[in-house]
Structure formats: structure tokens, C-alpha cells
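All remarks here apply to the structure that follows.
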Amino acid sequence: MGHIVVNLDVVMAKRKISLGELAERVGLTQANLSILKTGKAKAVRFTTLEAICRELGCQPGDILEYRDE
């Protein structure tokens, strides 16, 4: 069975943006963004994904990846 891998930390590192700065820009708490970043989130709203992609200048596929294992 496959699973979704969250590569938000990788994209953030490439853009040299901190968790706190991104959280402020997208209107999330650091705690909620951290849950998403560590892959512990069970769901993500499209509006949240859109805001993250807008601020990081990336595509959803840069952040989310499906792995079949």
C-alpha cells in the first residue's frame, strides 16, 4: 500500500524560509504548519495548499509525493 510523502521541509530549505515566516505568510499557526511539514496531517485544504504554493513559488507536486511501497 502506498502513502503520501510531504516534502515541505525540502522546498522550504531551498527557498530559505523558516517555519514561522511561512506560517505567518499563509495564515496558519506554526503548530499546524509543523504537523503538515512532518507528514502527520491527515488532510490538507486546497486553500492552504494554494497559499503555500503561492508563497514558495512552487507546484503542489513539489510538496506532495505519492510513494507506492
**Complete:** Closest heavy-atom pair, Pro60 versus Cys53, reported as atoms and distance to 0.1 Å, is N-SG, 3.5 Å

**Asked** So how far is it from Ile4 CD1 to Lys42 NZ, rounded to the nearest 0.5 Å?
**Response** 12.5 Å

**Euclidean distance, Ile52 CD1 relative to Met12 CE, rounded to 0.5 Å** = 9.0 Å

**Request:** Without swapping roles, check the side chain of Thr38 against the backbone of Ser34 for a donor-acceptor pair under 3.5 Å.
**Result:** yes

**Complete:** Rounding to 0.5 Å, atoms CD (Gln30) and CD (Glu21) come to a distance of 11.0 Å

**Message:** Could you measure the distance from the CG atom of Leu22 to the CG atom of Leu8? Nearest 0.5 Å is fine.
**Reply:** 6.0 Å

**Item:** Distance, nearest 0.5 Å, that separates CG of Leu33 from CG of Leu28
**Value:** 6.0 Å

**Prompt:** Hey, quick one: are Leu64 and Leu56 part of the same hydrophobic cluster, counting side-chain heavy atoms closer than 4.5 Å, chains of contacts allowed?
**Reply:** yes

**Item:** Neighbour count >12 (heavy atoms, 6.0 Å) for atom OH, Tyr66
**Value:** yes

**Prompt:** Is Ile17 reachable from Leu49 through a run of I, L, V, M, F, W or Y residues, each pair having side-chain heavy atoms under 4.5 Å apart?
**Reply:** yes

**Inter-residue atom distance Asn7.CG - Asp62.CG, 0.5 Å rounding** = 9.0 Å

**Request:** Check whether more than 12 heavy atoms from other residues, nucleotides or ligands sit under 6.0 Å from atom CD of Glu24, and answer yes or no.
**Result:** no

**Message:** So does Glu55 get a backbone contact from the side chain of Arg15, meaning a donor-acceptor N/O pair under 3.5 Å?
**Reply:** no

**Message:** Looking at Arg54 and Glu50, is any side-chain nitrogen of the basic one under 4.0 Å from a carboxylate oxygen of the acidic one?
**Reply:** no

